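Presented below is the structure to which this report refers.
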Amino acid sequence: MSFTLRSVKVPPNSVSLDEARHRVFDFFRAACRSIPTVMDIYNLNDVVAPSHLRSVVAAEIRKHASVTNPKVIDMLLFKAMEELNNITEHAKQRHHIIGQYVVGREGLMQDTGAKDQGASNFLKDFYKTNYF
Amino acid sequence: MAAITGASSISFHSRLHQNLALSRANGLKPVSLSGYGRSSLSFGLQQRSARLRISCAAKPETVDKVCQIVRKQLALPDDSAVSGESKFSALGADSLDTVEIVMGLEEEFGISVEEESAQSIATVQDAADLIEKLIEKNKA
């Protein structure tokens, strides 16, 4: 059980916003390229498609899209790299991955039975998300 | 030699045949035409790429697959105009979307795109050309 210390060496801070952008895209590419490995490790092949995981990663990146300070971006990237390393070295377990990255905002609630029958389509969309 | 026959045929035949000769001289897969006189066929993508970029043009199926992936990624309705020449930024994709589309294409076609080449992708046609080039390189 050797936890590989891949990201212990912290690279120097990005000089400009542009360099930070490049690092973000490099991280995104590394994450996307490790998705097949992750799906293999945690047996997610029947649960989720790689494109869904890609869009989840992109959504996480977009959550901080308005940050302009390169140092803050570096810090976020450091945490993201750490998370990615944890996942790829199997330091997490399947239910962590499913709960954090596969399941959507409505959680594990799958029952759309008697309670929501009267609701209109508009209301259903409204409960799901702001943008529809 | 093919160029010479191409040159001699240019003076006699219509623009369509000229394009065909051009594409043959460049080793492209020629689209099969049966003797058309002066009618203009709408091979929009093939013709335009043969005229503008003498590098290898992409097959229509590749471009179609790319368009489909782009549509799914940007959640565009099925009847929106996504053609070879549409730029990603015009379709409403920001840079992260572009990278994501490239990664989707990597997965779909089983290729691996270099960083520098990925920077130069601006339109759907660019992406399709790059994909074709990488598939050729992999097969070789």
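The figures here come from the full heavy-atom set of this structure, side chains too, leaving out hydrogens, waters and symmetry mates. The chains referred to below are lettered A, B, ... by the order of the sequence lines, with proteins before strands, and numbering in each begins at 1. Quick caveat, the model's predicted, so the values are computed rather than measured.
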- prompt: Does B:R71 CZ have over 12 foreign heavy atoms under 6.0 Å away?
  reply: yes
query: What distance separates B:Q73 CD from A:S51 OG, expressed to the nearest 0.5 Å?
result: 8.5 Å
message: Heavy-atom cut-off 4.5 Å, strictly under: side chain, backbone, both or neither for A:R33 against chain B?
response: both
Beyond-backbone contact of B:D94 with A:R62, side-chain heavy atoms, under 4.5 angstrom: yes
- request: Of all the heavy-atom pairs spanning B:V99 and A:F28, show the shortest one and how long it is.
  value: CG1-CD2, 3.4 Å
- line: Closest non-hydrogen contact found for A:C32 with B:M103 is CB-CE, 3.4 Å
- prompt: Tell me, side chain or backbone of B:E100 under 4.5 Å from chain A's heavy atoms, or both, or neither?
  reply: both
message: Ignoring hydrogens, what is the shortest heavy-atom contact between A:R54 and B:G104? Give both atom names and the distance.
response: NH2-CA, 3.5 Å
message: For B:E106, is there an ion pair with A:R29 - N to carboxylate O distance below 4.0 angstrom?
response: no
